[in-house]
Visitor: 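Sharing a structure with you now.
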Amino acid sequence: MKLLKQYWLVLLILLLTAAAVLARTFCHSIFKYDAGRMAKPSALKTNLITEEQLSSLKGAVLLLNLGETGISGDKHGNFTMKVNPDSILVPKYLDKIVSQKGPVILSCSENSVSARIWMVLTQLGIRNLFILTADQDPEILKKEFRPDTLSMPEL
Amino acid sequence: MRNKITILLLSLSLILALLPLTANRSFTEKPGKLLSDVLDEDVTFSVDQVARFIVTEDSTIRIIDLRKPEEFRKLCLPGSVNLPYAEFIGTDPDMYLNNRNIKTIFYSNSDLDANYALVYARGLGYELTYAMEGGMTEWMNTVMESKFSGERISARENAVFEIRTRAGKLFTELNSLPESEKVRFMESKKFSARKLDGGCE
Amino acid sequence: MGPISSSFIFPEWLEMLAAFLIGTGFGFALEQGGFSSSRKLAGMFYGYDTTVLKVFFTAAIVALIGSQLMSYLGLLNLNQVYVNEFYVAASIVGGVIMGAGFIMGGFCPGTGICALSIGKIDAMIFVAGGLTGAFLFAESYPLIQDLANASYRGPVRINESLGLSSGLFTLIIVAAAALMFWIAELAEKRFARPDITAEI
Amino acid sequence: MKKNYMNPYLAGTMLGIVLLLAMFISGRGLGASGGIKYCVVSVVGAVDRQHASNSVYYNKYFENGQKPLKNWLVLEIFGIVAGGFISGAVSKRLTFKIEKSPKISNKRRLIFAFLGGVFFVYGAQLARGCTSGAALSGMAVLSTAGFVTMIAIFGSAFAFAWFFRKNWI
């Protein structure tokens with residue numbers, strides 16, 4: 001008792017800090033991961049997957065169909081979930097994504113939407129999340145530029 | 001007193017040692033708000049809008065090229081600044097985005113990198129950030145290959161066409177420059193990373 | 001989300017006021033800790049009064065732990081907090097010169113200014129010497145420019161060069177400090193001097 | 001009746017919280033020697049502007065019409081004076097006096113105080129920070145420069161302590 005009386009302030013500060021830290025650590029509805037580190041796969045392009053690679057994936061795959069024209073996973077025997085992009089954080093869907101053991105694949109006809117959803121979900125701590133793309137690397141420019149060697153610009 | 005403070009500090013640092021702590025930062029926006037923000041239509045600009053900014057030399061707009069330096073040297077939008085995507089997420093974006101009066105437009109070759117960057121920047125609280133729809137691919141398709149088609153043209157279409165032609169001309173002029181001259185020109189537009197205040201200097 | 005200065009642009013008067021208030025807190029804490037007395041400060045180097053050591057390390061550790069906890073809780077962005085630039089030669093040579101100045105004058109600049117404010121005449125002379133020192137440095141800058149800018153390493157963090165997490169490094173520092181406090185109190189008993197508080 | 005000094009650990013905690021506040025508000029640590037430098041720079045600028053603009057060193061402080069006195073570090077120094085004065089008034093420690101070991105003369109104490117000041121601030125300019133700016137604030141952000149400077153200051157003070165023992169013991 002005497003000890004408690006002497007150390008009550010120390011204990012109080014410790015408990016409060018521990019509580020705040022624990023609350024932060026176990027809260028799922030806030031961003032708490034290092035943004036740069038989580039985003040790394042997107043710079044390395046290891047978060048992209050083609051249809052070909054998808055069919056060779058083994059194990060339980062969760063396919064998130066984000067639009068009207070996304071592919072259906074039935075032909076690969078995968079589990080497909082159709083989600084409107086703006087309701088992806090609704091607990092009904094999010095819980096499923098969080099509890100998914102195998103890879104989660106984002107499928108959408110628009111890469112821009114997949115990219116945004118990927119970044120949001122990844123920053124929430126979901127790993128093993130891939131974007132289904134038509135190409136191995138859509139970030140390669142296929143257009144050729146024809147320089148005009150006659151024009152001289154005024155700089 | 002010594003014991004109390006020593007014990008307190010020791011246990012606090014023990015907590016710290018157990019945390020997966022890095023000196024870096026996580027997103028500050030609330031997930032729900034961030035999601036609805038970035039799914040909104042007004043986070044993107046079409047290539048035509050960007051062409052207009054370029055032609056009018058809009059000073060409230062900054063265009064960031066997220067592609068690799070060698071791609072940038074070969075081909076870039078007039079007035080854009082190069083900041084490779086990997087570097088963008090590897091450093092503190094405050095150095096590039098801290099200006100609260102300037103809108104930043106990201107572009108890459110397609111849609112992916114620009115939209116990652118858009119969410120990344122907005123998640124960290126930089127609201128005036130946008131992506132260019134379709135990236136460089138779309139620019140080449142729409143602006144550079146724009147042609148008159150059909151017989152009659154409305155005033156609006158005519159205005160769009162006019163902008164495209166002028167932007168296309170600027171683009172061609174810049175990118176037709178010999179490599180050495182282009183590098184020199186780009187060096188002058190490099191990002192000067194803001195230094196933090198502090199110390200006794 | 002801190003630091004406030006990174007998300008909110010202070011008008012000049014507010015920034016100056018903030019600087020003044022932080023300085024006030026700084027001066028108050030220094031004076032209360034006994035840093036306005038040169039004999040207490042110098043006492044550390046002879047073992048009879050280790051107040052400096054205790055206050056200095058406690059302060060550094062409190063700020064160290066506090067900033068990291070705030071960073072973890074999302075209250076402070078440590079990337080936006082200034083990290084001192086490391087010029088290897090200048091840090092060491094400058095530190096050695098400062099140590100010599102410390103033991104001669106009995107103050108460091110912050111404590112000197114603080115002691116001056118409560119009327120210590122020796123502190124006023126110390127600060128006058130300090131102004132002279134700054135003037136001499138400015139005038140001799142062309143001569144020592146090379147030394148001042150030699151072996152620049154940038155704003156490096158010590159735990160990163162050692163490959164430790166900042167939390168673990170903090171724990172080590174705190175443990176070392178706790179040990180040091182214990183030794184310091186032993187030393188105080190060993191090298192005890194007649195109480196000089198009355199003379200101060 | 002003079003009050004005793006605060007418990008050093010408590011005072012340290014208070015100082016640490018001030019430092020933390022400084023980091024939180026401005027993203028920078030505490031500093032004292034920098035303010036002294038700015039005072040000198042502004043005096044030199046006022047006395048001989050020509051000299052100031054020709055020198056490599058002063059020059060940068062007068063770029064684009066800056067006023068060296070209107071500066072974070074200078075205001076912080078004024079704050080230290082105010083804070084020290086308040087604390088001295090609260091604890092009834094306000095007196096004009098020369099603090100020294102009874103064994104030495106006033107003159108000796110003042111000469112050494114002056115020399116100490118010259119050395120300390122000279123070293124602080126070289127190392128880009130003094131005990132507060134480099135060592136204390138630097139340690140709080142785990143900066144290598146802070147740790148190295150701290151070890152150099154205390155190490156050299158211990159090493160030189162023997163030569164100046166008469167002044168203090």
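Chain A is the first sequence line, chain B the second, and so forth, proteins listed ahead of strands; every chain is numbered from 1. Please read these numbers as outputs of a predicted model, since none were measured by experiment.
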Visitor: Show me the donor-acceptor pairs within less than 3.5 Å that the side chains of residues 94-117 of chain C make with the rest of the protein, sequence neighbours left out.
Guide:
unit_1, atom_1, unit_2, atom_2, d
C/Thr111, OG1, C/Cys108, N, 2.8
C/Thr111, OG1, C/Cys108, O, 2.9
C/Ser117, OG, C/Cys114, O, 2.6
C/Ser117, OG, D/Phe85, N, 3.3

Visitor: Under the side chain to side chain contact (heavy atoms under 4.5 Å, CB included) rule, what do C/Glu139 and D/His51 come out as? Steps first, then yes or no, please.
Guide: CA-CA 10 Å; C/Glu139 294 301 325; D/His51 175 64; 3.0 Å; yes
Visitor: Which one wins on heavy-atom pair count under 4.5 Å against chain D: C/Gly129, C/Ala29, C/Gly133?
Guide: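 Highest number of pairs under 4.5 Å: C/Gly129.
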Visitor: To the nearest 0.5 Å, what is the distance between OG (D/Ser156) and CD1 (C/Ile92)?
Guide: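 Spacing of OG (D/Ser156) from CD1 (C/Ile92) equals 12.0 Å.
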Visitor: Taking atom CG of C/Leu30 and atom OG of D/Ser132, what is their separation to the nearest 0.5 Å?
Guide: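 Rounded to the nearest 0.5 Å, the CG-OG separation comes out at 7.5 Å.
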Visitor: Relative to chain D, which of C/Thr58, C/Leu131, C/Ile158 shows the most heavy atom pairs under 4.5 Å?
Guide: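 Heavy-atom pair counts peak at C/Ile158.
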Visitor: Specify which of C/Val62, C/Leu53, C/Ile144, C/Leu64 makes the most heavy-atom pairs with chain D at under 4.5 Å.
Guide: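 Of C/Val62, C/Leu53, C/Ile144, C/Leu64, C/Leu64 has the most heavy-atom pairs under 4.5 Å with chain D.
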Visitor: Heavy-atom cut-off 4.5 Å, strictly under: side chain, backbone, both or neither for D/Leu10 against chain C?
Guide: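 Contact with chain C involves no heavy atom of D/Leu10 at all.
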Visitor: Test side chain to side chain contact (heavy atoms under 4.5 Å, CB included) on D/Ile80 and C/Thr24 and set out the steps.
Guide: CA-CA 5 Å; D/Ile80 298 176; C/Thr24 310; over 6 Å; no
Visitor: With sequence neighbours excluded, tell me which residues meet ring pair (Phe, Tyr, Trp, His ring centres under 6.0 Å) with C/Phe135.
Guide: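 Ring pair (Phe, Tyr, Trp, His ring centres under 6.0 Å) check on C/Phe135 returns nothing, list empty.
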Visitor: Quick one: what part of D/Phe154 sits under 4.5 Å from any heavy atom of chain C, side chain, backbone, both or neither?
Guide: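 Answer is both: backbone and side chain atoms of D/Phe154 are under 4.5 Å from chain C.
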Visitor: Tell me, for D/Ala159 versus chain C, whether the close heavy atoms (under 4.5 Å) come from the side chain, the backbone, both or neither.
Guide: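 It is neither, since no heavy atom gets under 4.5 Å.
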Visitor: Quick check on the interface: out of D/Ala145, D/Ala11, D/Gly146, D/Ala22, who has the most heavy-atom pairs with chain C under 4.5 Å?
Guide: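 The candidate making the most pairs under 4.5 Å is D/Ala145.
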Visitor: For the residue pair D/Gly116 and C/Phe126, what are the closest heavy atoms and their distance?
Guide: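 Looks like C-CE1, 3.6 Å.
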Visitor: To check you understand the geometry: which heavy-atom pair defines the closest contact between C/Phe56 and D/Ala135, and what is its length?
Guide: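 Of all heavy-atom pairs spanning C/Phe56 and D/Ala135, the closest is CZ-CB, 3.7 Å.
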Visitor: Indicate yes or no: at least one non-hydrogen side-chain atom of D/Asn71 is less than 4.5 angstrom from one of C/Met16.
Guide: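 No, side chains not in contact.
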Visitor: Hey, which residues of residues 171-184 of chain C are touching chain D, say heavy atoms under 4.5 Å apart?
Guide: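 Result: C/Ile173, C/Phe181.
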Visitor: Any chance the rings of C/Phe169 and D/Phe147 have centres within less than 6.0 Å?
Guide: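 Centroid distance C/Phe169-D/Phe147: below 6.0 Å, so yes.
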Visitor: Check whether C/Met124 gets within reach of chain D through its side chain, its backbone, both or neither, counting any heavy atom under 4.5 Å.
Guide: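 Only the side chain of C/Met124 comes within 4.5 Å of chain D.
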Visitor: D/Tyr57: what forms a ring pair (Phe, Tyr, Trp, His ring centres under 6.0 Å) with it, not counting sequence neighbours?
Guide: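 Ring pair (Phe, Tyr, Trp, His ring centres under 6.0 Å) check on D/Tyr57 returns C/Phe137, C/Tyr141, D/Tyr61.
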Visitor: Mind running side chain to side chain contact (heavy atoms under 4.5 Å, CB included) on C/Ile22 and D/Trp72 for me, showing each step along the way?
Guide: CA-CA 10 Å; C/Ile22 284 178; D/Trp72 178 278; 4.0 Å; yes
Visitor: Tell me whether C/Asn84 contacts the main-chain N or O of D/Gly133 through its side chain, where contact means a donor paired with an acceptor under 3.5 Å.
Guide: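 Between the backbone of D/Gly133 and the side chain of C/Asn84 there is a qualifying donor-acceptor contact (under 3.5 Å).
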Visitor: Tell me, out of D/Ala113, D/Gly88, D/Ala82, who's got the most heavy-atom pairs with chain C below 4.5 Å.
Guide: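 The option with the most such pairs is D/Ala113.
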Visitor: May I ask you to test the C/Phe26-D/Met14 pair for a side-chain heavy-atom distance under 4.5 Å?
Guide: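 No. Closest side-chain heavy atoms not under 4.5 Å.
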Visitor: Indicate the atoms forming the closest heavy-atom contact of C/Ala59 with D/Leu136, along with that distance.
Guide: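 For C/Ala59 versus D/Leu136, the nearest heavy atoms are CB-CD1, 4.0 Å.
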Visitor: Are the side chains of C/Thr51 and D/Tyr5 in touch, meaning some heavy atoms are under 4.5 Å apart?
Guide: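 Heavy-atom side-chain distance check fails, nothing below 4.5 Å.
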Visitor: Roughly how far, to the nearest 0.5 Å, is CD1 of D/Ile86 from CD1 of C/Ile118?
Guide: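 So the CD1 of C/Ile118 and the CD1 of D/Ile86 are separated by 13.5 Å.
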Visitor: Please tell me if the side chains of C/Ser161 and D/Thr144 come closer than 4.5 Å, counting only heavy atoms from C-beta onward.
Guide: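 They are in contact (side-chain heavy atoms under 4.5 Å apart), so the answer is yes.
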Visitor: When rounded to the nearest 0.5 angstrom, what is the spacing between OG in D/Ser26 and CD in C/Glu15?
Guide: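 It is 8.0 Å, given to the nearest 0.5 Å.
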Visitor: Quick one: pull up NZ in C/Lys120 and OG1 in D/Thr95 and give me the separation to the nearest 0.5 Å.
Guide: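 If I round to the nearest 0.5 Å, the distance is 7.0 Å.
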Visitor: Would you indicate whether the side-chain heavy atoms of C/Tyr46 and D/Trp168 approach each other to under 4.5 Å?
Guide: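 Contact flag for D/Trp168/C/Tyr46 side chains = yes.
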Visitor: Could you tell me which portion of D/Val81 (side chain, backbone, both or neither) has an atom closer than 4.5 angstrom to a non-hydrogen atom of chain C?
Guide: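 Backbone plus side chain of D/Val81, per the 4.5 Å heavy-atom cut-off to chain C.
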Visitor: For chain D, which candidate among C/Ala42, C/Gly119, C/Ala134 shows the most heavy-atom pairs at distances under 4.5 Å?
Guide: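 Of the options given, most contacts go to C/Gly119.
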Visitor: Considering only heavy atoms and a distance below 4.5 Å, find which of D/Val141, D/Leu21, D/Leu19 pairs most often with chain C.
Guide: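 The answer is D/Val141.
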Visitor: Of all heavy-atom pairs between D/Met23 and C/Leu76, which one has the smallest distance, and what is that distance?
Guide: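 Residues D/Met23 and C/Leu76, closest heavy atoms: O-CD1, 4.1 Å.
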Visitor: As an exercise, state the distance from OG of C/Ser91 to CE of D/Met150, rounded to the nearest 0.5 Å.
Guide: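 C/Ser91 atom OG to D/Met150 atom CE measures 12.0 Å (nearest 0.5 Å).
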Visitor: Quick one: of C/Gly33, C/Gly34, C/Gly25, who has the most non-hydrogen atom pairs under 4.5 Å with chain D?
Guide: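 If we count pairs closer than 4.5 Å to chain D, C/Gly34 comes out on top.
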Visitor: Using side-chain heavy atoms (C-beta onward) and a distance below 4.5 Å, is D/Phe112 in contact with C/Asp122?
Guide: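 D/Phe112 does not reach C/Asp122 side chain to side chain.
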Visitor: Only pairs of heavy atoms separated by less than 4.5 Å count here; which of D/Asn106, D/Val44, D/Val41, D/Leu110 has the most with chain C?
Guide: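 Maximum pair count with chain C is reached by D/Leu110.
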Visitor: Does NZ or CZ of D/Arg128 lie under 6.0 Å from the centre of the six-membered ring of C/Tyr87, at an angle within 45° of the ring axis?
Guide: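 Yes, D/Arg128 lies over the aromatic ring of C/Tyr87.
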Visitor: Evaluate the side chain to side chain contact (heavy atoms under 4.5 Å, CB included) criterion for residues C/Arg39 and D/Lys100: first the C-alpha distance (whole Å), next the side-chain angles of each, then the deciding distance (0.1 Å), finally the verdict.
Guide: CA-CA 7 Å; C/Arg39 293 184 76 190; D/Lys100 61 177 182 64; 5.8 Å; no
Visitor: Output the option from C/Ala123, C/Ala18, C/Ala63 having the highest count of non-hydrogen pairs under 4.5 Å with chain D.
Guide: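 Of C/Ala123, C/Ala18, C/Ala63, C/Ala63 has the most heavy-atom pairs under 4.5 Å with chain D.
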Visitor: For D/Phe119, I'd like to know if atom CZ has over 12 heavy atoms of other residues, nucleotides or ligands within 6.0 Å.
Guide: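 No, the 6.0 Å shell around CZ holds no more than 12 heavy atoms from other groups.
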Visitor: Between C/Pro142 and D/Val56, is any pair of side-chain heavy atoms under 4.5 Å apart?
Guide: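 Counting from C-beta outward, C/Pro142 and D/Val56 do come under 4.5 Å.
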Visitor: Below 4.5 Å, heavy-atom pairs only: which of D/Phe163, D/Tyr9, D/Trp162 has the largest tally toward chain C?
Guide: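 Going by pairs under 4.5 Å, I would pick D/Tyr9.
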Visitor: Under the criterion ring-ring contact (aromatic ring centres under 6.0 Å, His included), I'd like the reasoning laid out for D/Phe78 against C/Phe20: C-alpha separation, chi angles, the key distance, then a yes or no.
Guide: CA-CA 6 Å; D/Phe78 292 146; C/Phe20 183 78; 7.6 Å; no
Visitor: Within the structure provided, determine whether C/Ser36 and D/Glu99 are in side-chain contact (heavy-atom separation under 4.5 Å).
Guide: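 Sidechains of D/Glu99 and C/Ser36: no contact.
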Visitor: What residue in D/Val18, D/Val121, D/Leu20, D/Leu126 has the most heavy-atom pairs under 4.5 Å with chain C?
Guide: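 Option with the greatest count: D/Leu126.
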